[in-house]
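Beneath this line is the structure, given in structure tokens, with notes to follow.
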Number of protein chains: 2
Amino acid sequence: MDTGDAFDPNCPTRLVLDRIGDKWSVLVLLSLADGSMRFTELRNRIGGVTPKVLTQTLRAMEGDGLLTRKVFAEVPPRVEYTLTELGHSLHGPVAAVTHWAEQNIGRIMESRAALDHTR
Amino acid sequence: MDTGDAFDPNCPTRLVLDRIGDKWSVLVLLSLADGSMRFTELRNRIGGVTPKVLTQTLRAMEGDGLLTRKVFAEVPPRVEYTLTELGHSLHGPVAAVTHWAEQNIGRIMESRAALDHTR
DNA sequence: CAGTATCCATAACGATACTG
DNA sequence: CAGTATCGTTATGGATACTG
């Protein structure tokens, strides 16, 4: 089995799960899957995210090599965020989870409601 | 595209991602994939988790219908946690992500180190 | 346009001790 | 055995205002 080291505190699973666990990284990944976007484009596409948090998310993903940040020396400034090959390769697995979520959210909501009276 | 509603605040993606985003849910899921386990078994298998947090995790997953909690009226008490069909169905997508993590953790670590001098 | 800076609220997580 | 209770720390995310 390849799940053994998932219980190691230093395991890769933890690191990646921490990344996709935050609210915004997955949304950035899905947004950029179609192509490059600028900061404000991302901000508009992903409703509810503040610039501070979006910046944090982008910097973290850049640090992990999931995307690149390209600054154009223009006025007004332009910054393009683009998924790397590594970032694209994560899209498939993440899409599998989001697809599962869409398929099964109904059952989850039913379970949440149904358990109340048994507790 | 089926990613549209991922940007809806009430979207299923958010709910599921919040669940697998916490440190322990995925480890519980992976642990129970092989079969039922008792509370203390889980606690020993998943190093570093406190009883309080493990209980919280199990209750949340039970509420979502991912696992069942069966209490045996015995002395000493025995409680078995078992993955539901729904829980098992989530194992595949999650395993895809953990597998990706194991395959690509090396590149992530390299990126983290390489970016330092460019900032 | 693309961010930074500052402050704040919350909650996730952990340590420890105790109980049906 | 399988939790619960209490307390404390820290990390995350958000609101708001300002800047190169």
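Heavy atoms only: backbone and side chains are in, while hydrogens, waters and symmetry mates are out. Residue numbers begin at 1 in each chain, while the letters A, B, ... track the order of the sequences. For clarity, every value in this text was computed on a predicted model and none was experimentally measured.
Regarding A:Arg19, its CZ atom lies at a distance of 10 Å from the P atom of D:dG13, rounded to whole Å. Counting to the nearest Å, the P atom of C:dG3 and the CD atom of A:Glu62 are 10 Å from each other. One can place CZ of B:Arg78 at 13 Å from P of D:dC1, the figure rounded to the nearest angstrom. To the nearest angstrom, P of D:dC1 lies 13 Å from CD of B:Glu74. For B:Asp18 and C:dC13, the CG to P distance is 11 Å, given to the nearest whole Å. Here the P atom of nucleotide C:dG20 and the CZ atom of B:Phe39 are 17 Å apart, to the nearest Å. Distance B:Met37 CE to D:dC1 P: 14 Å, rounded to the nearest Å. A straight line from CG of A:Leu54 to P of C:dG3 spans 8 Å, rounded to a whole angstrom.
Side-chain nitrogen and oxygen atoms of B:Arg59 include at least one within less than 4.0 Å of the OP1 or OP2 phosphate oxygen of D:dT4. Between A:Arg38 and C:dA2 there is a side-chain N or O to OP1 or OP2 distance below 4.0 Å. Within the 4.0 Å cut-off from OP1 or OP2 of C:dC1, not a single side-chain nitrogen or oxygen of A:Arg43 is found. Between D:dA2 and B:Thr40, a contact under 4.0 Å exists linking OP1 or OP2 to a side-chain N or O.
Using a 4.5 Å cut-off on side-chain heavy atoms (C-beta onward), B:Trp24 and B:Val53 make contact.
In this structure, A:Ser31 contributes its side chain and A:Leu42 its backbone to no donor-acceptor pair below 3.5 Å. A donor-acceptor pair is defined here as one N or O able to donate and one able to accept, closer than 3.5 Å; such a pair exists between the side chain of B:Asp22 and the backbone of B:Ser25. In terms of modelled atom types and a separation under 3.5 Å, the side chain of A:Gln103 and the main chain of A:Trp100 share no donor-acceptor contact. Remark: side-chain polar atoms of B:Thr84 are paired, donor with acceptor, to backbone N or O of B:Gly65 under 3.5 angstrom.
The side chain of B:Pro51 lies closest to D:dG3, out of D:dG13, C:dG14, D:dG3. Minimum atom distance to the side chain of B:Thr55 is reached by D:dT4, of the listed C:dG3, C:dC13, D:dT4.
At a threshold of 4.0 angstrom between heavy atoms, the contacts of B:Lys52 include nucleobase atoms, whether or not backbone atoms are also involved. Contacts of B:Tyr81 with the nucleic acid, taken as non-hydrogen atoms under 4.0 Å apart, involve only primed sugar atoms and P, OP1 or OP2.
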Does A:Arg112 form a salt bridge (Lys or Arg N to Asp or Glu O under 4.0 Å) with A:Glu110? I'd like the steps, not just the answer.
CA-CA 5 Å; A:Arg112 287 188 184 183; A:Glu110 286 170 20; over 6 Å; no
Full working for salt bridge (Lys or Arg N to Asp or Glu O under 4.0 Å) between A:Glu80 and A:Arg78:
CA-CA 7 Å; A:Glu80 293 276 354; A:Arg78 183 160 60 101; 3.3 Å; yes
Dot-bracket for DNA chain C, please. Rules: Watson-Crick or G-U, both distances under 3.5 Å, ( ) within the strand, [ ] when a pair crosses earlier ones, | for another strand, . otherwise.
||||||||||||||||||||
